[in-house]
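Here is the structure we will look at, set down as structure tokens.
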Amino acid sequence: MSTRAQIAIQIGPEEWAHVYAHFDGYPAHMLPALARWKPEDILSAREIRQVTSDALDCFSPPRDPRILSRPTRVFAHLYMWIGCQWVAVEPQADTPEV
């Protein structure tokens with residue numbers, strides 16, 4: 001079974017691109033795998049089957065990322081570029097979205 005995730009990257013003052021990642025979206029895999037990649041790399045991928053430290057396995061043709069007004073967790077995990085590193089973001093218990 002796939003562990004889906006999204007990667008939220010700020011592209012404007014109130015614009016966040018949410019790049020879909022289909023496989024291995026759990027933090028123990030994604031954080032080390034994402035460490036090599038910069039936000040620009042993820043944005044250019046547009047839609048990802050799997051992130052590894054060696055490659056971004058992308059869908060072909062890819063769908064464009066969803067653009068939302070703030071980072072929003074839709075799938076099991078959400079990752080963001082904060083302080084020059086990727087972090088897993090957990091929503092607060094009393095809010096359905098980040």
#### Entry: Closest non-hydrogen atom pair, L31 against A88
CD2-N, 3.9 Å
### Task
Taking all heavy atoms of A8 and all of L78, pick out the closest pair and write down the distance.
CB-CD1, 3.8 Å
### Message
Walk me through whether E47 and H22 qualify under side chain to side chain contact (heavy atoms under 4.5 Å, CB included).
### Response
CA-CA 9 Å; E47 184 180 31; H22 189 72; over 6 Å; no
### Query
Are I11 and V89 co-members of a hydrophobic cluster defined by side-chain heavy atoms under 4.5 Å apart?
no
#### Entry: Side-chain (Q6) to main-chain (Y79) donor-acceptor, under 3.5 angstrom
no
### Message
Do I9 and L68 sit in one hydrophobic cluster, given that two such residues count as connected whenever their side-chain heavy atoms are within less than 4.5 Å of each other, even indirectly?
### Response
no
#### Entry: Shortest non-hydrogen contact between H18 and R70, atoms and distance
CE1-O, 3.4 Å
### Message
Can you give me the closest heavy-atom contact between C58 and A45, atom names plus distance?
### Response
SG-CB, 3.5 Å
### Query
Checking E40 side chain against L43 main chain: does a donor-acceptor pair fall under 3.5 Å?
no
### Query
Is I67 reachable from V19 through a run of hydrophobic residues whose side-chain heavy atoms are each under 4.5 Å from the next?
yes
#### Entry: Shortest non-hydrogen contact from P32 toward H29
CD-O, 3.3 Å
### Task
Kindly say whether T52 contributes a backbone atom to a donor-acceptor pair with the side chain of W37 at under 3.5 angstrom?
yes
### Query
So M80 and I7, side chain to side chain contact (heavy atoms under 4.5 Å, CB included) or not? Walk me through it.
CA-CA 6 Å; M80 293 172 53; I7 305 165; over 6 Å; no
### Path from V74 to I48 over hydrophobic side-chain contacts below 4.5 Å
no
### Task
Show the numbers, then the answer: is there a side chain to side chain contact (heavy atoms under 4.5 Å, CB included) between W16 and T72?
CA-CA 9 Å; W16 292 79; T72 304; over 6 Å; no
### Task
Report yes or no: do R63 and Y20 form a side-chain donor-acceptor pair below 3.5 Å?
no
### Task
Test L56 against I42 for side chain to side chain contact (heavy atoms under 4.5 Å, CB included), laying out the working first.
CA-CA 8 Å; L56 297 172; I42 302 300; 4.0 Å; yes
### Query
Looking at F23, does the NZ or CZ of R49 lie under 6.0 angstrom from its six-membered ring centre and within 45 degrees of the ring axis?
no
### Summary
Paired with L34, the side chain to side chain contact (heavy atoms under 4.5 Å, CB included) test is passed by just one of M30, K38, R36, namely M30
